[in-house]
2 protein chains.
Amino acid sequence: MKVGILQFTPIFGQVPGNIFTVQKTISQIQADLVVLPELFNTGYQFVTKEEVGELAEPVPNGFTTQRLVEMAQKNGLFIVAGLAERDGDRVYNSAVLVGPRGFVGVYRKAHLFYEEKLWFDPGDGEFPVFDIGPAKIGLMICFDWIFPEVSRILALQGAQVICQPANLVLPYCQGAMVTRAIENRVFTVTANRVGNEHRQADEELRFTGMSQVVDPKGQVLFRLGETEEALRVVEIDPALALDKKATKYNHVFDDRRVDLYGRLRQR
Amino acid sequence: MKVGILQFTPIFGQVPGNIFTVQKTISQIQADLVVLPELFNTGYQFVTKEEVGELAEPVPNGFTTQRLVEMAQKNGLFIVAGLAERDGDRVYNSAVLVGPRGFVGVYRKAHLFYEEKLWFDPGDGEFPVFDIGPAKIGLMICFDWIFPEVSRILALQGAQVICQPANLVLPYCQGAMVTRAIENRVFTVTANRVGNEHRQADEELRFTGMSQVVDPKGQVLFRLGETEEALRVVEIDPALALDKKATKYNHVFDDRRVDLYGRLRQR
């Protein structure tokens, strides 16, 4: 299975332009699955609630998701992409999964980061896993990384490849995702953006790139640079993520002492 | 608060000798808390159940725990140390905490690694946190690291400093403990051993050293070498572990979506 990441610089508010950049790039490669950054079509740094309302789109019938479906059909691949979703009067920081047969599913970010709490509603759904044929795919978004519960729940549901659209401004996630891969024995695919945004006088955001794919033993299969724009593809064997044995005596799921984990439900 | 790690090479079966090594070293330093490796008094690689039975000791009245209490009293400090515990006809891979006023508590390793499953019974108790005055101390042992549930539960109970006696043979734990520190915003203290054991013809174990202290932001305050024997002490401020805010909008505990975490209890 060929998994790709497109690390690029979305331009704030330029939805058709950002989609065009993705279209152009994806049409040049061979892959089974490509992961795009969080909020790839709108950019990241919203400054008013109205702005989010204007740029957010319904899923799956909105402009962006339909263009992603066309790309998936035309190129015969699956795409995971972050976008702002509108559902009635609620807006979510979401990730959609689309494929050659159309829209597959959506995840609404459950753990909002920083000022996202001003602009978005937190997701209230399950942490979803989708069987796309070559592998079961779990979706999470950016700051979800700091909560080990998210990747754990995805993996317990059978996710072999955890796809994480991201707009990272802190330097910690890439290392932590190696831990997420090891502790769950899954592949992790982190698609971060690069560039900077400076839409508030007092706050310039610089995104940290270093998009990466990690295998179930914690090997970083590739890690892009901090500023480069690139689409990189790597061949993975998702079956490796079915083997949960850390040693011949240790199975990372069967060894869990759920009998002792009651306190995880406490706040 | 001064926290120390003693990284050394226990000699298999030489309990008084290993204790003497620790006594000698601890008497030369100033610290509030010193963490020793897993099974520091016996060595690691048991080859028969009988051997474990002979070397395991009751806690707190056994020889080793009593010597640790004497050291703690004489030097005015707390000690966390791994040892084989016997309780009736059960044996545990345990860590004790002792201090100037005597025995404080014990943790019995819940997640046994590799052939430990042949020699030890798994712990069935809580993941314990003890208030020693300058800080609340959580105990875990070695392979517990791969289960994010353990450090999470310790931190949710208020642990500011997680002490981890270890006998690591794999190279993954040290990086993962940085993630444990970040995700819970706690200090982690990993005391690994060095040297090798070759008590089975087909299996030589080489321990990986690199004992380390990590702060709640994931900074490695020090990391020892892969082979050196050393006692290193670092000054930490445990109050930093009370601040669970990752940003002004994000609190790593309050942001947890326990409403969505039900699947963590599934096997």
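Here is the naming used below: chain letters follow the sequence lines, and residue numbers restart at 1 for every chain.
Of all non-hydrogen atoms in Arg256(B) and Leu264(A), the two that sit nearest each other are NH2-O, 2.8 Å. Taking every heavy atom of both residues into account, Ala110(B) and Leu260(A) meet most closely at CB-CD1, 3.8 Å.
Side chain of Arg265(A) to main chain of Arg265(B): no donor-acceptor pair is present (N/O by atom type, distance under 3.5 Å, no hydrogens or angles). The backbone N or O of Glu126(A) lies less than 3.5 Å from no partner atom in the side chain of Arg263(B), so there is not a single donor-acceptor pair. A side-chain donor-acceptor contact under 3.5 Å links Asn250(B) to the backbone of Leu112(A). Arg257(A) places a side-chain N or O within donor-acceptor distance of the main-chain N or O of Gly123(B), the cut-off being under 3.5 Å.
Heavy atoms of Asn184(B) lying under 4.5 Å from chain A are absent altogether. Proximity to chain A is limited to the side chain of Phe127(B), based on heavy atoms less than 4.5 angstrom apart.
The distance from atom OG1 of Thr247(B) to atom CD of Glu116(A), rounded to the nearest 0.5 Å, is 9.5 Å. Here the NZ-CD distance, from Lys248(B) to Glu115(A), works out to 6.5 Å after rounding to the nearest 0.5 Å.
Within 6.0 Å of atom NZ in Lys245(B), more than 12 heavy atoms from other residues, nucleotides or ligands are found, so the atom counts as buried in its surroundings. Residue Glu226(A) places its CD atom among 12 or fewer non-hydrogen atoms of other residues, nucleotides or ligands, all under 6.0 Å distant.
Your options are Gly218(A), Gly175(A), Gly262(A), and the one with the most heavy-atom pairs under 4.5 Å with chain B is Gly262(A). Taking chain A as the reference chain and counting heavy-atom pairs below 4.5 Å, the highest number among Phe113(B), Phe147(B), Tyr261(B) is found for Tyr261(B). Highest contact tally toward chain A, considering only Gly125(B), Ala246(B), Pro122(B), Ala176(B), is held by Ala176(B) [criterion: heavy-atom pairs under 4.5 Å]. Ranked by heavy-atom pairs under 4.5 Å with chain B, the list Ile182(A), Leu170(A), Val178(A) is led by Ile182(A).
Within the 4.5 Å cutoff, the side chain of Asp255(A) has heavy atoms near those of the Lys117(B) side chain. The shortest side-chain heavy-atom distance between Tyr172(A) and Glu183(B) does not fall under the 4.5 Å cut-off. Within the 4.5 Å cutoff, side-chain heavy atoms of Asp259(A) are placed close to those of Asp124(B).
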Check: When you look at Thr179(B) and Arg180(A), which way does the side-chain contact (heavy atoms from CB on, under 4.5 Å) test go after all the steps?
Finding: CA-CA 9 Å; Thr179(B) 304; Arg180(A) 301 289 171 249; 3.8 Å; yes
